[in-house]
Amino acid sequence: MTTNTQYTNGGTAAGPAASDGLTVLVTGATGRTGSPDGRAARAAGLTVRAASRAGSGCGGVRFDWHDPATWDAALRGADAAYLTYFPDVGAPGAADAVGALARRAAELGVRHLVLLSARGEPQADATERALAAAGARRWTVVRSAWFAQNFSEGPLVDGLRAGQLVFPAGEVLEPFVDVRDVADVVVAVLTAGDRYAGQIIEVSGDRLLSFRDAVEDIAAATGRALTYVPVEPRAYGTALRAFGIPESEVEFLIDLFETNLDGRNAYVSDGVRQILGRPPRLFSTYTQETAETTTWKQPPPSLDH
């Protein structure tokens, strides 16, 4: 849904609502939401400046949240920016970095900043406040439910390929949202002028599922036997360390799972329908489409003897 924010908008001066000539900086352009956001922006006629740590090696501009020396080249000349903070909008240091980047963007004349945030994540509140206080001409926060694509991109994929998803979500319900819907909402906001300035928009799918339900849906789409094994967040921390996640990040993620996966997000938001005038994509559509790829294919047996 769209909500009346408690923050003070940094300005509501009128700006162009049309996409003609609009240049949008997309941070995390090779990531889970940055990539579909770039595609949606180009489809809407926007000029996309793709920013990532790989930079020009991926056909874009280099941008690193931890290296402010890369910011100006990415921001200068952009009309708007989509901000997605890695590893998470609520991670330690996120508020300082997003606030500093937003202030610099305002100084360089970037007119609209859209921040990807998370529903029900108190750790992200400081980052949202930092964006609102930065003095940007227009800013908008898009709070998202858990991405459907988390099951097909990132560390959960290996478990599903092997036939078992171990995760600290218990039987909590979540309205998984397709990242393509998130991207479409972001682009609609960026091309609407002042309409969504100073607002927080919550987006989700339109059906509550447990993680067990999601795994069963994937199993049905792939024709494979898949199981879901819920564990406690602290126990899952051991797996995170095995993935090579730094200890400081492991502790943050454990805290995040303990709060964000406690049932507080077991509700549907209508931001997709309000902004786009259509229902969200179905989780089953996502699983059927993904099952047609090699993403969840069982790995071939080892040739070791």
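As a basis for the values below, the full set of heavy atoms in this structure was taken, side chains included, without hydrogen atoms, waters or symmetry mates.
Annotation: cation-pi pair R53/F86 present, NZ/CZ under 6.0 Å from the ring centroid and within 45° of its normal.
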Set out, in order, the CA-CA distance, both residues' side-chain angles and the distance that settles side chain to side chain donor-acceptor pair (under 3.5 Å) for N260 and R119, then state yes or no. CA-CA 8 Å; N260 228 29; R119 298 190 329 162; over 6 Å; no
Do R62 and S52 pass the side chain to side chain donor-acceptor pair (under 3.5 Å) test, and can you show the C-alpha distance, the side-chain angles, and the key distance before you say yes or no? CA-CA 5 Å; R62 184 169 180 269; S52 67; over 6 Å; no
Does D217 form a side chain to side chain donor-acceptor pair (under 3.5 Å) with S284? I'd like the steps, not just the answer. CA-CA 7 Å; D217 201 312; S284 58; 5.1 Å; no
Y228 vs F167, test: ring pair (Phe, Tyr, Trp, His ring centres under 6.0 Å). Steps then yes/no. CA-CA 8 Å; Y228 167 64; F167 199 68; 7.8 Å; no
Start with the C-alpha distance between E128 and S117, add both sets of side-chain angles, then the distance that settles side chain to side chain donor-acceptor pair (under 3.5 Å), and finish with yes or no. CA-CA 8 Å; E128 294 180 6; S117 190; 2.6 Å; yes
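In this pair, H66 and Y85 present their aromatic rings perpendicular. The plane angle is above 60°, beyond the 30 to 60° band. Ring geometry, F176 versus W146: the interplanar angle exceeds 60°, so the pair is classed perpendicular (tilted spans 30 to 60°).
Closest of all the heavy-atom pairs between Q149 and D178 is NE2-OD1, 3.0 Å. Considering every non-hydrogen atom in both V268 and G205, the closest pair reads CG1-O, 3.4 Å. The heavy-atom pair separating A106 from G135 by the smallest distance is CB-O, 3.7 Å. Here the closest non-hydrogen pair linking L276 and D181 is CD1-O, 4.3 Å. Across all their heavy atoms, V110 and A81 have their closest contact at CG1-N, 4.1 Å. Here the shortest heavy-atom pairing between V179 and P36 reads CG2-CG, 3.8 Å.
Every residue two or more places apart in sequence or in another chain that forms a ring-ring contact (aromatic ring centres under 6.0 Å, His included) with W296 is listed here: Y286.
Under the 4.5 Å side-chain criterion, counting only non-hydrogen atoms from C-beta, T227 is not in contact with V215. In this structure the side chain of H112 never reaches within 4.5 angstrom of the side chain of D79, judged on heavy atoms. Using a 4.5 Å cut-off on side-chain heavy atoms (C-beta onward), V157 and F151 make no contact.
Of the options T127, T259, N265, L256, a side chain to side chain contact (heavy atoms under 4.5 Å, CB included) to E121 is made by L256 and by none of the others.
Side-chain atoms of T27 come within 3.5 Å of backbone N or O of Y82 as a donor-acceptor pair.
A salt bridge is defined here as a Lys NZ or Arg NE, NH1 or NH2 lying under 4.0 Å from an Asp or Glu carboxylate O, and R273 with D270 fails to meet this definition. Contact check on R281 versus D184 returns a salt bridge, with a Lys/Arg side-chain nitrogen under 4.0 Å from an Asp/Glu carboxylate oxygen. Under 4.0 Å is where a charged nitrogen must lie from a carboxylate oxygen, and between R180 and E289 at least one such pair does. With respect to the salt-bridge test (charged N to carboxylate O, under 4.0 angstrom), the residues E251 and R241 qualify.
Side chain to side chain, D213 and S210 meet the donor-acceptor criterion of an N or O pair below 3.5 Å.
Summarising the local packing, CZ of R161 is surrounded by more than 12 heavy atoms from other residues, nucleotides or ligands at distances under 6.0 Å.
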Show me the donor-acceptor pairs, under 3.5 Å and distance only, between side chains in residues 89-99 and residues at least two apart or in other chains.
none

